[in-house]
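What follows is one structure encoded as structure tokens, with my remarks underneath.
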Amino acid sequence: MKKLIAFLALAGVANFAAAAEVVGNAKAAEHKVAMCIGCHGIPGYKSGFPEVYQVPMLGGQSAKYIESALNAYKKGDRKNPSMRGIAAGLSDQDIADVAAYYAQQK
């Protein structure tokens, strides 16, 4: 029983360590942001789906903020069908890369 508990604890630590290793790479995101640019790269752009709202510019935003927002869309905590669909297809590495890409912009 002690060996099982020790194994489970080690597995938990290994999973945590693997998750902590995700580091954003702005260069790797250059080909991942094509979908983002269509809305977030146009100054003053307003979206009409599901309702009309001002689309925020992402350049210069904090990487942590962008990661948090994308993860919230992915989980469904933030409500926007377009962003949910996009975020759902992103891996943790993709999210970190995109966040690093936009955070480095001014």
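The structure presented is a predicted model; accordingly, all values stated were derived computationally and were not measured. Keep in mind that the numbers below use all heavy atoms, side chains included, and drop hydrogens, waters and symmetry copies.
Remark: Y53 OH is packed, more than 12 non-hydrogen atoms of other residues, nucleotides or ligands lying under 6.0 Å away.
Taken together through direct or relayed side-chain contacts under 4.5 Å among Ile, Leu, Val, Met, Phe, Trp and Tyr, M35 and V98 form parts of separate hydrophobic clusters. One hydrophobic cluster, built from ILVMFWY side chains closer than 4.5 Å, holds both V33 and I66. Cluster annotation: V55 is not connected to L58 through the hydrophobic network of ILVMFWY side chains, with a link wherever side-chain heavy atoms come within less than 4.5 Å. One hydrophobic cluster, built from ILVMFWY side chains closer than 4.5 Å, holds both L90 and Y101. A single hydrophobic cluster is not seen to contain both V23 and Y102; linkage of ILVMFWY side chains at heavy-atom distances under 4.5 Å, directly or through other members, places them apart.
Between the side chains of S68 and N71, no donor-acceptor pair is found at a separation under 3.5 Å.
Under the 4.5 Å side-chain criterion, counting only non-hydrogen atoms from C-beta, N80 is in contact with Y73.
The two residues R78 and A69 make their nearest non-hydrogen contact at NH1-CB, 3.1 Å. Across all non-hydrogen atoms, the minimal contact from H40 to M57 is O-SD, 3.2 Å. The two residues G24 and A100 make their nearest non-hydrogen contact at C-CB, 3.8 Å. Listed here is the closest heavy atom pair of A99 and E67: CB-CG, 3.5 Å.
Rounding to the nearest 0.5 angstrom, the gap separating the CE atom in M83 from the CG atom in L70 is 5.0 Å. Atom CD in Q93 sits 10.5 Å away from atom CD in E21 (nearest 0.5 Å). In this structure, CG on D97 lies 12.5 Å from NZ on K27, to the nearest 0.5 angstrom. Distance check, rounded to the nearest 0.5 Å: NZ of K79 to CZ of R84 gives 7.0 Å.
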Please report the C-alpha distance between K74 and D92 in whole Å, then the side-chain angles of each, then the deciding distance to 0.1 Å, and finally whether the side-chain contact (heavy atoms from CB on, under 4.5 Å) criterion is met. CA-CA 10 Å; K74 188 174 184 174; D92 290 343; 4.2 Å; yes
